[in-house]
Structures are given as structure tokens and as C-alpha cells.
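Before any comments, here is the structure.
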Amino acid sequence: MLDQRLLRDNPERIVSQLGRRGMTLDLTGLQLVAQQARTLEEQRSSLQAEGNRIGKEVGSLIKGGAAPNGPEVQGLREQGNRIKQQVAVLEEEEKGLDAKLREQLLGLPNLPAAEVPDGRSEADNVEVKRWGSPRQAAAGETLEEHWQIAERLGLLETERSVRIAQSRFVTLLGQGARLERALINFMLDLHGGKGYREVLPPILVNSASLTGSGQLPKFAEESFRCADDDLWLTPTAEVPVTSLHRGEVIPADQLPLKYVAFTPCFRREAGSYGRDTRGLIRLHQFNKVELYWFVHPEQSAEAHRQITADAEAVLEALELPYRTIELCSADLGFSAARTYDLEVWLPGAGAYREISSCSTCSDFQARRSAIRLKEGKGTQLVHTLNGSGLAVGRTMAALLENGQQSDGSVRLPAALAPYFGAECLTAT
RNA sequence: GGAGAGGUGGCCGAGUGGUCGAAGGCGCAGCACUGGAAAUGCUGUAUAGGGGCAACUCUAUCGAGGGUUCGAAUCCCUCCCUCUCCGCCA
């Protein structure tokens with residue numbers, strides 16, 4: 001959520017910065033609402049002050065011996081009643097305006113950071129780094145896509161998963177299930193060794209949590225909802241981890257708080273029919289290890305570099321070639337002020353595919369979630385950052401495609417051996 | 001799910017209709033004392049919003065929302081949560 005004061009004092013900045021995202025907006029209506037709300041607040045609170053004064057006067061009159069039903073006291077009572085009625089009217093109106101204001105503000109995305117390159121679409125994203133040498137098919141060699149390898153090796157079951165749930169769900173079996181588990185443990189251990197505190201949060205989350213991290217109210221159709229409860233299947237661990245500290249004031253000396261959370265993630269993927277229908281790339285349910293920082297605003301730029309490096313370290317440890325992309329202003333997610341995407345090389349598909357997204361959300365989520373820090377006498381909003389470290393299913397896909405060998409087996413990186421218990425995936 | 005108890009500031013804890021944003025204690029900060037420290041003493045110490053250059057000031061907040069009242073932490077209603085016991089359960 002954007003600062004109401006910014007709306008009041010510098011709406012042009014909001015218009016121009018959100019313009020960088022490709023939005024055209026007219027804030028005059030909203031500004032008017034904000035102004036009216038403020039005027040009403042002034043009127044209401046001075047009325048209340050008058051009411052409080054009368055209340056005290058009645059108290060001291062009675063204490064001083066005045067007849068509780070005498071004319072003097074009666075007169076004040078009537079005055080008090082009148083004020084009460086006026087206040088009630090103003091409060092009602094004010095509530096309406098505040099709700100409207102909040103609703104509108106909740107629908108506006110974060111402002112892009114100054115450093116974010118301007119752009120009109122994802123085509124304008126900027127590659128900032130490349131690591132590893134992307135594997136190309138040798139002469140006469142045909143590289144398979146991960147779903148082909150997975151099916152051939154019996155790592156997963158798609159047809160039967162439809163029986164269990166519906167399309168875009170997958171059941172991992174045998175070595176596939178074991179590899180998924182190995183990857184989760186590997187990632188958690190790697191990050192845990194770097195000072196991240198491990199979290200295993202609820203994966204059903206309430207509406208307030210989804211609002212706090214930015215998924216609601218605008219993206220309700222993207223998440224699965226439980227019909228009879230105010231609970232949703234979390235689309236990312238970012239949601240529960242943000243709400244881990246919702247409403248809190250954190251002493252500055254405790255920052256940064258760094259968490260690593262493994263959760264299944266659930267997304268409706270509305271509007272992506274037909275895209276990535278095979279394999280592990282786009283599922284309604286997938287596993288993800290998420291990195292999350294709560295930091296002092298002064299540290300957030302450096303923290304963004306670090307969280308990105310921590311995500312990159314997973315790919316490097318797994319010997320997976322990747323590139324790092326800085327998203328342009330038009331491609332930023334709703335809550336993000338600045339984002340680096342990591343794209344892993346998939347030799348079978350012959351393309352780089354997103355496997356991690358590392359964002360700084362500045363104070364956007366902190367304001368929605370009321371997460372502040374206390375430093376000396378004052379408080380201020382913290383900054384929050386999140387990064388996938390990594391999406392587990394896509395990591396498996398990358399391992400399959402990058403490790404495939406001419407005999408049909410898949411060589412796994414050495415770092416995984418202690419977790420998986422073998423260096424190769426072979427047909428069984 | 002049933003029965004009972006309870007939710008007050010960073011923490012503990014008093015407060016059952018009036019000047020209570022809230023005693024007292026702990027913690028924390030500053031000052032004094034000290035060679036330095038401990039102990040001690042004094043002072044200060046919630047959050048949000050509004051007004052003001054500022055000093056300061058107004059409003060709201062004692063789990064949440066409503067109600068009664070001139071006035072509510074205190075009375076009434078609804079809901080949420082925690083604890084204890086019982087039941088059920090991986």
C-alpha cells in the first residue's frame with residue numbers, strides 16, 4: 001500500500017511512477033476523498049473534544065454537590081446528547097470515506113525503485129549476469145525435455161494425477177519423489193547455514209494475511225479459497241512469513257530477520273490455459289523454498305543484492321547455468337519495487353526459464369501489514385524482501401535436462417549426492 | 001465439540017461508572033553519586049491520526065465490533081483468542 005500522505009502531498013509522483021509501470025491513472029477523485037476524510041476528521045475530533053469537556057464538567061458539578069437532575073446538569077446532558085448525535089453522523093461518513101480510500105489504495109501497486117530500468121514489456125528486461133555454460137546438443141544428439149525424461153524414468157505420474165485432483169497437478173513417484181525431498185532438504189540446509197532461520201508455517205492463510213502481502217484484494221482469482229472458512233491455500237510462503245510479524249514493532253537491533261521457509265504453493269493459474277501444460281513448469285501445486293528478509297530501510301538495497309546472491313548460490317551449487325534478469329518497470333510484480341529474476345538454462349527446451357524471483361518490496365508490504373521497527377524513540381516501517389531459493393519442481397526439471405546422458409540416465413550434481421543417496425537417476 | 005476461567009502499556013500487575021492513557025513493580029534510557037562499577041536516588045519511557053515552524057495540543061485505542069450513559073478499562077450484547085478440565089483425534 002502506498003502512503004496516504006504521499007497521495008496528499010505529492011500525487012504527481014504516484015502518477016508518474018506508476019506511469020512507469022504502464023498505468024495511466026487519474027488520482028483527482030481519490031485525492032478529493034482523502035481531503036474530505038481529513039476535513040471530517042478535524043470536525044469530528046473537535047466535536048469530541050467539546051463532548052469530553054462537557055462530560056468532565058458534569059462529573060465535577062455532581063461531585064461538587066449539584067443535583068444530578070437539576071437544570072444545570074440537565075442542560076449539559078442535552079448538549080452532550082446533541083454532540084453525540086452529530087459525532088455519530090460524521091463518524092459514519094468518515095468511515096465510508098476511509099473504506100473507499102483504503103480500498104483504492106490497496107489496489108495500487110508499489111512504486112518502482114529509482115534504479116529500475118524503464119520499459120514497456122518484458123522484452124525490455126535487462127540481463128545483468130550470466131553464469132555457467134549453457135549445454136547445447138552435440139552433433140547428432142537430441143536433448144529431451146524434462147517431462148520426457150521424467151516419464152521415461154517413471155519419476156512422475158500425470159494422467160493419474162488428474163484422477164486424484166485435476167490437470168496441472170502432478171504425483172511424484174519413486175526416485176522423483178525422493179529427488180524432490182532431497183532438493184528441499186538441500187536448499188533448506190544451504191540457507192540455514194547462512195543464517196536463515198527455518199520456518200514451516202501454516203499453508204492455509206486468512207484474508208488479512210493475503211492482503212498484507214499484496215495478493216488481495218486485487219488478485220483473488222489467482223488463489224484457491226476454502227469455501228466454508230476465511231482461509232486460502234497460500235500461493236507462496238511470502239504470505240505466511242510476512243504475516244509472521246504482522247502488526248509488530250521490532251526493535252531495530254533485532255534486524256535483519258532472515259527466514260527460509262519451505263511450503264507447497266497453490267496457484268489457480270487463471271488465464272494460462274495451454275501454456276506449459278506438460279511437466280513440472282506450471283502447476284496448481286508446487287513446492288518452493290522461499291527466502292524472506294525483514295530489514296531496516298537503510299539496509300534494503302544491500303539486502304536485495306544479498307538475497308539474490310543467496311538464491312544464485314543454489315543454482316551454482318547444483319551446477320545449473322543461469323542468467324540474472326533485472327525486471328523493467330513494466331514487468332514488476334504488484335508488491336515489488338525492484339526485482340531480479342533468475343532464469344535457469346533448460347537445454348531440452350533450449351531456453352532460459354524463470355526459477356526464482358528476488359524482490360524488494362520497500363515498505364509496501366510493511367505498511368499493509370503494519371510491521372514497524374523501533375529505533376530510539378521513533379518507529380518506522382521496515383522493508384521486506386523475498387526471493388525463491390528455489391522453486392523445487394523447476395529445479396528438478398533443470399537437473400533432468402542438464403544432467404541427461406546419452407545412455408538415458410541423468411547425472412546429478414555432486415552436492416546432491418548426500419541428500420539423494422546416488423549420483424545418477426536411472427531407469428528402474 | 002462440552003464445562004469453567006481469563007484477555008489491561010515492552011513484560012508483570014492494580015483498577016467494577018467520572019479529572020484513568022491507566023497505580024505499583026520489572027525492564028529500558030538519561031542524570032546524580034563513584035576512581036570505575038554495583039547498589040541507591042531523581043527524571044523520563046505506548047501506538048496511530050489531525051493541527052502547529054516549534055514548544056505543544058486535539059482525537060482515538062485497556063482482545064474486536066456493537067449498545068447503554070452527559071461520561072465506559074469498568075455495565076449489556078455478539079464475536080475472536082488464550083488457559084484448565086472432559087470428549088475426539090494424527
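Chain letters run A, B, ... following the sequence lines, proteins first and then strands; every chain starts at 1.
- Per the geometry, CG belonging to A:Leu101 stands 11 Å off P belonging to B:G50, to the nearest Å.
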Query raised in the report: When you look at A:His296 and A:Glu375, which way does the side chain to side chain contact (heavy atoms under 4.5 Å, CB included) test go after all the steps?
Result: CA-CA 10 Å; A:His296 192 291; A:Glu375 193 174 30; 3.1 Å; yes
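- Following rounding to the nearest Å, A:Leu76 (CG) and B:G18 (P) show an atom-to-atom distance of 18 Å.
- Remark: B:U74 base-pairs with no nucleotide; criterion is Watson-Crick or G-U wobble with both hydrogen-bond distances under 3.5 Å.
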Between protein and nucleotides 71-74 of chain B, what N or O pairs are separated by less than 3.5 Å?
residue: B:G71; atom: OP2; partner: A:Lys84; partner atom: NZ; Å: 3.3

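- Taking atom C1' in both B:G13 and B:A22, one finds a spacing of 12 Å when rounded to whole Å.
- You'll find that the side chain of A:Ala49 is closest to B:U59, out of B:U59, B:G51, B:G18.
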Report task. Check the pair A:Ile250, A:Leu255 against side chain to side chain contact (heavy atoms under 4.5 Å, CB included), reporting the backbone distance first and the verdict last. Result -> CA-CA 8 Å; A:Ile250 302 165; A:Leu255 297 174; 3.9 Å; yes
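- Annotation: side-chain hydrogen bond (donor to acceptor under 3.5 Å, both in side chains) contacts involving residues 257-271 of chain A, sequence neighbours excluded, comprise A:His245-A:Tyr259, A:Glu269-A:Arg282.
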Query raised in the report: For every nucleotide of nucleotides 43-49 of chain B, 5' to 3': is a protein heavy atom under 4.0 Å from its base (B), only from its sugar-phosphate (S), or from neither (-)?
Result: ---SSSB
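- The side chain of A:Gln48 has B:A60 as its nearest neighbour among B:A60, B:C70, B:G51.
- Between B:A73 and B:G17, the distance separating the two C1' atoms is 11 Å to the nearest Å.
- Base pairing of B:C88 is not made with any nucleotide, judged by Watson-Crick or G-U wobble geometry with both donor-acceptor distances under 3.5 Å.
- Looking only at atom types and distance, the side chain of A:Ser369 has no donor-acceptor partner in the side chain of A:Thr242 under 3.5 Å away.
- Of the nucleotides present, none pairs with B:G36 by Watson-Crick or G-U wobble criteria with both distances under 3.5 Å.
- Checking B:A29 for Watson-Crick or G-U wobble geometry (two distances, each under 3.5 Å) identifies B:U43 as its partner.
- You'll find the ring centres of A:Phe364 and A:Phe334 inside the 6.0 Å limit.
- For B:U61 and B:G65, the C1' atoms lie 14 Å apart once the distance is rounded to whole Å.
- Salt bridge A:Arg53/A:Glu50: present, at least one basic N to carboxylate O contact under 4.0 Å.
- The nearest heavy atom of RNA chain B to A:Lys63 and to A:Glu78 marks one nucleotide each, and the one closer to the 5' end goes with A:Lys63.
- By the 4.5 Å heavy-atom criterion applied to side chains, A:Val241 and A:Ser213 are not counted as neighbours.
- Comparing the C1' positions of B:G10 and B:A46 gives a spacing of 9 Å, expressed to the nearest Å.
- Pair assignment for B:U59 gives B:A48, based on Watson-Crick or G-U wobble hydrogen-bonding distances that are each under 3.5 Å.
- Base-pair partner of B:G4: B:C83 (Watson-Crick or G-U wobble, both distances under 3.5 Å).
- Summarising the geometry, the separation between CD1 on A:Ile54 and P on B:U19 is reported as 17 Å, rounded to the nearest angstrom.
- Of the P atoms belonging to B:C53 and B:G66, the separation is 34 Å, rounded to the nearest Å.
- Residue contacts for A:Ile83: at a heavy-atom cut-off of 4.0 Å it reaches no nucleic acid atom on any strand shown.
- Annotation: side-chain hydrogen bond (donor to acceptor under 3.5 Å, both in side chains) contacts of A:Glu122 (sequence neighbours excluded): none.
- A side chain to side chain contact (heavy atoms under 4.5 Å, CB included) with A:Arg20 holds for exactly one of A:Leu111, A:Val116, A:Leu332; it is A:Val116.
- Distance check on atom C1': B:A14 versus B:A23 gives 6 Å, rounded to whole Å.
- Regarding contacts with the backbone of B:G66, a side-chain N or O of A:Lys95 is found under 4.0 angstrom from either OP1 or OP2.
- Following rounding to the nearest Å, A:Leu231 (CG) and B:C80 (C1') show an atom-to-atom distance of 14 Å.
- The CG-C1' distance, from A:Leu373 to B:G10, rounds to 15 Å in whole Å.
- On the C1' atoms, B:C81 is 27 Å away from B:G25, given to the nearest whole Å.
- Across all strands shown, B:A54 remains unpaired; no Watson-Crick or G-U wobble contact has both distances below 3.5 Å.
- For the pair A:Glu91 CD and B:G65 C1', the interatomic distance rounds to 13 Å; values are reported in whole Å.
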Query raised in the report: Yes or no on side chain to side chain contact (heavy atoms under 4.5 Å, CB included) for A:Val199 and A:Glu290, after CA distance, side-chain angles and deciding distance?
Result: CA-CA 10 Å; A:Val199 204; A:Glu290 183 80 356; over 6 Å; no
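- Pairing partner, B:U68: none, since no Watson-Crick or wobble contact has both distances short of 3.5 Å.
- The listed nucleotides are B:U19, B:A60, B:C70; the one nearest the side chain of A:Arg77 is B:C70.
- The ring-ring contact (aromatic ring centres under 6.0 Å, His included) search around A:His383 returns none, not counting sequence neighbours.
- For the pair A:Arg53 and A:Gly59, nearest-nucleotide mapping onto RNA chain B gives the more 5' position to A:Gly59.
- Rounded to the nearest Å, the gap between the C1' atom of B:G67 and that of B:G50 is 28 Å.
- Between A:Gln85 atom CD and B:U69 atom C1' the separation is 13 Å, expressed in whole Å.
- In this view, A:Arg367 and A:Met1, A:Asp3, A:Asp363, A:Leu381 satisfy the side chain to side chain contact (heavy atoms under 4.5 Å, CB included) rule, not counting sequence neighbours.
- Separating the CG atom of A:Leu47 from the C1' atom of B:C70 is a distance of 15 Å, rounded to the nearest angstrom.
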